[in-house]
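Heads up, the thing below is written out as structure tokens.
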Amino acid sequence: MHYLEVILFLMAVIGVVALGIWKSERGVGGDEKTASGYFLAGRGLTFWLVGFSLIAANISTEQFVGMSGKASDWLGMAIASYEWMAAVTLVVVALVFLPKFLKAGIYTIPEFLEYRYGPFSRFVMAVATLVILVGVPTAAVIYSGATVISGYYPDVPILGSLTAACWLIAIVAAVYVFIGGLKACAWTDLIWGSSLIVSGAIVMFLAFSTLAQAPAEELIETRVATSSATVEDIEQAGAWERFKLLNDGEPRTGPNTSGGKLNMVRPIDDPEIPWTVLLLGLWIPNFFYWGLNQYIMQRSLAAKSVAEGQKGIVLAAFLKLLIPFVVVIPGILAFNLFSDQLLEAAQARNAVHLEQLEAGGTRALTVSFNFAELEPELTRRVIAHNATLAGLPAPEIHPAAEPEILTALAHETAAQARAADRTIRSAQLTGYNYDATFAVLLRMLVKDKPWLSWFVLAAIFGAVVSSLAAMLNSASTIATMDIFNRVFKEASQPTLVMAGRSFVVIFVIIAAIIAPFLASPRFGGIFTFIQEFQGFISPGILTVFFFGLLIPTAPRFLGWMGIVLNAVLYGTFKWGLGDWMAANGLWFSANMSFLDRMGLCFIIVALFCTAMTLWKPLRTPVVLPVNAAMDITPSKGAKICGFGVIGLTIVLYIIFW
């Protein structure tokens with residue numbers, strides 16, 4: 001650890017946090033001792049605070065760790081659809097959703113459901129949102145931030161421990177939001193958001209510089225199978241051309257390097273982002289996240305007017321177009337440059353399970369394709385171990401069995417072991433630790449440059465704290481305004497603020513306890529974990545909001561019933577029906593991706609809502625409340641720029657099709 005790096009890093013973090021707390025005590029945004037001042041910054045945020053706050057709340061280490069990890073693996077550029085489709089989604093949110101929400105003067109998204117569907121619908125959404133928000137993205141941000149810190153300082157006491165780093169991040173963010181509320185978050189987000197984009201650009205520049213100088217003989221080992229590049233081609237190429245030679249080609253379904261990684265459109269049987277999800281499935285988490293997710297929309301709800309909010313959201317939409325260039329592309333480069341380091345990171349994670357294997361432990365083990373390819377003999381031992389746990393003889397395996405067969409046998413015997421004894425737990429051995437991608441990039445590219453590394457580390461740490469503070473503030477807002485305030489209806493403004501601060505402490509403890517367990521490979525990577533588990537609520541909430549906004553006669557019971565129905569459907573598809581459909585030829589590929597599950601749930605819930613509306617429509621359409629103090633004049637400039645952002649998105653898809 002370099003002392004200059006540490007001193008500059010601490011000065012930057014302490015200085016920015018102090019600025020946020022100071023700004024929360026004075027200036028724009030009202031009194032933090034009132035609910036409006038603490039939870040919504042007094043509804044006084046201007047467009048540039050809204051825009052950068054949205055980006056800083058969104059782009060944190062779960063994006064840098066999760067998206068760069070997915071890009072390093074087989075998905076490549078396809079993971080950028082989450083960002084570029086989000087740009088289009090944000091424009092729709094700015095022009096359609098935001099005016100209705102601000103006109104109603106709501107504090108929380110569940111509050112809107114009460115006005116439209118009734119108090120029970122508000123309660124159901126509040127509880128469902130809290131469970132997912134605290135247990136999934138909040139815990140994931142803590143884990144991903146700790147992954148970067150512990151991966152960057154693997155040999156430093158406390159910082160090198162994943163669990164200790166989780167608690168360090170959780171405590172700093174909790175203190176930050178406990179004192180200053182949303183206004184403190186918004187002001188520091190302005191700095192962290194811009195610094196984060198600059199830091200990502202620095203990492204990308206250093207990665208391309210390293211690629212230009214790397215030996216062609218080493219780079220060729222990471223070339224995708226559908227590329228025809230030779231060592232001579234790579235030797236004669238510049239950095240960008242090397243990037244294309246190594247990663248361009250026809251995309252194919254399979255393990256890393258099976259096919260091209262520079263395509264936005266993946267084959268229909270891709271297990272995560274088949275091209276079918278671009279039609280519906282991927283839009284669902286996007287619209288839910290940007291339009292109905294409390295910790296994101298809370299920034300927009302705090303805008304001083306509809307026009308300021310719209311301009312801020314469109315600014316965020318433009319910035320979203322830049323994110324893949326500073327997150328996804330460096331992730332692809334990481335595998336080209338540092339695949340050995342990703343292998344070492346996986347070996348460190350596998351070590352505890354391999355020790356149990358040597359000791360004849362009672363944990364069943366599965367393996368990834370890359371592990372079976374790199375360690376075929378060890379995989380055979382895993383298969384024999386699983387068979388012993390199941391009380392079965394070890395299966396006969398051909399000496400030249402391919403990695404696909406070994407991987408399948410490991411999964412099959414692990415399932416047999418769990419079926420034979422319900423107390424047996426399982427774990428996975430992986431060939432590469434893709435969640436370590438961004439930490440490896442930082443360690444290999446900037447750690448030896450203390451005059452630069454402090455800035456990158458401060459921006460990353462600030463992004464973690466900003467996102468975590470945003471989630472904690474939003475969770476406490478929902479718990480206070482949608483649950484606590486409904487029980488204690490006479491509570492004073494200072495009491496509501498104190499309740500919100502108490503909930504911050506409770507939620508951060510829960511999330512910090514969960515976070516270290518997310519290191520398990522069974523979650524499929526941190527980014528997939530976040531997106532997949534939000535599927536339990538996102539299609540249902542999106543459907544009932546669409547019906548609530550667009551169909552005034554939709555019956556009130558749809559508010560809670562649509563959310564509950566979706567949770568049941570999604571769980572059914574995830575833990576049984578989806579696999580059964582795929583195994584019996586009732587699906588168009590060998591597996592049902594979680595985004596396709598979302599699409600199916602959305603369609604079924606929408607059909608249910610349509611049938612119920614035709615059967616029992618409201619006799620009197622619902623009239624929503626009006627916040628007379630809010631300026632609801634729309635921004636013409638935001639509309640023009642919004643359509644420009646949509647045009648740029650189309651151009652990017654054409655380039656990377």
Side-chain angles (χ1 to χ4, degrees), residues 97 106 108-138 280-281 283-289 291-295 297 474-475 477-479 481-484 486-487 510 529-581 592 594-618 622:
F97 285 29
I106 60 176
T108 68
I109 299 299
E111 184 181 358
F112 182 84
L113 278 193
E114 177 175 7
Y115 295 144
R116 178 57 185 84
Y117 291 111
F120 188 62
S121 295
R122 176 181 184 176
F123 175 78
V124 170
M125 181 180 176
V127 172
T129 302
L130 278 178
V131 171
I132 295 297
L133 181 57
V134 175
V136 181
T138 305
L280 177 60
W283 291 103
I284 294 169
N286 262 302
F287 270 105
F288 168 75
Y289 183 88
L292 304 174
N293 186 346
Q294 179 67 27
Y295 93 86
M297 278 304 292
S474 298
T477 303
I478 293 174
M481 304 306 295
D482 291 322
I483 299 176
F484 181 86
R486 306 297 294 176
V487 177
I510 294 172
F529 167 74
I530 296 172
Q531 302 300 330
E532 179 162 3
F533 278 88
Q534 289 192 140
F536 280 98
I537 63 171
S538 55
I541 291 175
L542 185 62
T543 306
V544 299
F545 265 88
F546 274 154
F547 272 76
L549 289 169
L550 303 177
I551 304 177
T553 58
R556 290 185 179 274
F557 62 81
L558 288 184
W560 65 269
M561 195 171 287
I563 296 172
V564 173
L565 175 61
N566 175 82
V568 173
L569 286 171
Y570 191 84
T572 302
F573 282 121
K574 176 176 173 58
W575 289 308
L577 185 58
D579 292 338
W580 180 85
M581 290 173 63
M592 182 183 291
F594 69 91
L595 290 170
D596 280 326
R597 287 200 296 269
M598 288 187 187
L600 278 176
C601 290
F602 178 82
I603 291 172
I604 295 171
V605 175
L607 290 173
F608 171 78
C609 290
T610 300
M612 292 299 100
T613 302
L614 294 174
W615 179 44
K616 284 192 174 183
L618 290 177
V622 175

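Checked options Phe545, Phe97, Tyr117; the residue passing with Phe112 is Phe545 (criterion: ring-ring contact (aromatic ring centres under 6.0 Å, His included)).
Side-chain atoms of Thr543 do not come within 3.5 Å of backbone N or O of Ala606 as any donor-acceptor pair. Using modelled atom types, one side-chain atom of Arg116 and one backbone atom of Pro552 make a donor-acceptor pair closer than 3.5 Å.
Contact annotation: the side chain of Thr613 approaches that of Pro555 to within less than 4.5 Å [non-hydrogen atoms, C-beta and beyond]. Residues Leu113 and Ile563 have side chains in contact (heavy-atom distance under 4.5 Å, counting atoms from C-beta outward). Using a 4.5 Å cut-off on side-chain heavy atoms (C-beta onward), Pro137 and Gln534 make contact. Two residues are said to be in side-chain contact when any heavy atoms from C-beta on lie closer than 4.5 Å; Pro285 and Leu595 meet this criterion. Proximity of Arg486 to Phe123: side-chain heavy atoms (C-beta onward) are nowhere separated by under 4.5 Å. For the pair Met125/Ile478, no side-chain contact is recorded, criterion being any heavy-atom separation below 4.5 Å from C-beta on.
The shortest non-hydrogen separation linking Leu558 to Val544 is O-CG1, 3.3 Å. Nearest heavy-atom pair across Gly118 and Arg556 is N-NH1, 4.0 Å. Residues Phe533 and Ile132 share a closest heavy-atom pair of O-CD1, 3.6 Å. Scanning all heavy atoms of the two residues, the minimum distance from Phe288 to Leu542 falls at N-CD1, 4.4 Å. For the residue pair Leu130 and Ala475, the shortest heavy atom distance occurs at CD2-O, 3.3 Å. Minimum interatomic distance between Ala128 and Ile537 (heavy atoms only, all atoms of both residues): CB-CG2, 3.9 Å.
For an aromatic pair to be called close, the ring centres must be under 6.0 Å apart, and Phe120 with Phe557 fails this.
Separating the CD atom in Glu532 from the OH atom in Tyr570 is a distance of 4.5 Å, to the nearest 0.5 Å. Interatomic distance, Met612 CE to Leu607 CG, rounded to the nearest 0.5 Å: 11.0 Å. To the nearest 0.5 Å, atoms CD1 (Ile109) and OG (Ser474) are separated by 9.5 Å. Here the CG atom belonging to Asn566 is positioned 8.5 Å from the CD1 atom belonging to Ile541, to the nearest 0.5 angstrom. Taken to the nearest 0.5 Å, the OG atom of Ser538 stands 7.0 Å off from the CD1 atom of Ile284.
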For this session: For side-chain contact (heavy atoms from CB on, under 4.5 Å), just list the numbers for Leu280 and Ile603, CA-CA rounded to whole Å, side-chain angles, deciding distance to a tenth of an Å, and then say yes or no.
Result: CA-CA 10 Å; Leu280 177 60; Ile603 291 172; 3.7 Å; yes
Exercise. Yes or no on side-chain contact (heavy atoms from CB on, under 4.5 Å) for Val127 and Ile483, after CA distance, side-chain angles and deciding distance?
Worked result: CA-CA 8 Å; Val127 172; Ile483 299 176; 4.3 Å; yes
For this session: Could you go through the side-chain contact (heavy atoms from CB on, under 4.5 Å) check for Val124 and Met561 one step at a time?
Result: CA-CA 9 Å; Val124 170; Met561 195 171 287; over 6 Å; no
Exercise. What's the verdict on side-chain contact (heavy atoms from CB on, under 4.5 Å) for Phe529 and Val136, showing C-alpha distance, side-chain angles and the deciding distance?
Worked result: CA-CA 8 Å; Phe529 167 74; Val136 181; 3.8 Å; yes
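Between Phe546 and Phe602, the ring-plane angle classifies as perpendicular under the 30° and 60° cut-offs.
Heavy atoms of other residues, nucleotides or ligands lying less than 6.0 angstrom from CH2 of Trp615 number 12 at most.
Residues that satisfy the salt bridge (Lys or Arg N to Asp or Glu O under 4.0 Å) test with Arg122, not counting sequence neighbours, are Glu114, Asp482.
For the pair Lys574 and Phe536, the cation does not sit on the ring face, since its NZ or CZ is not both under 6.0 Å from the ring centre and inside 45° of the axis.
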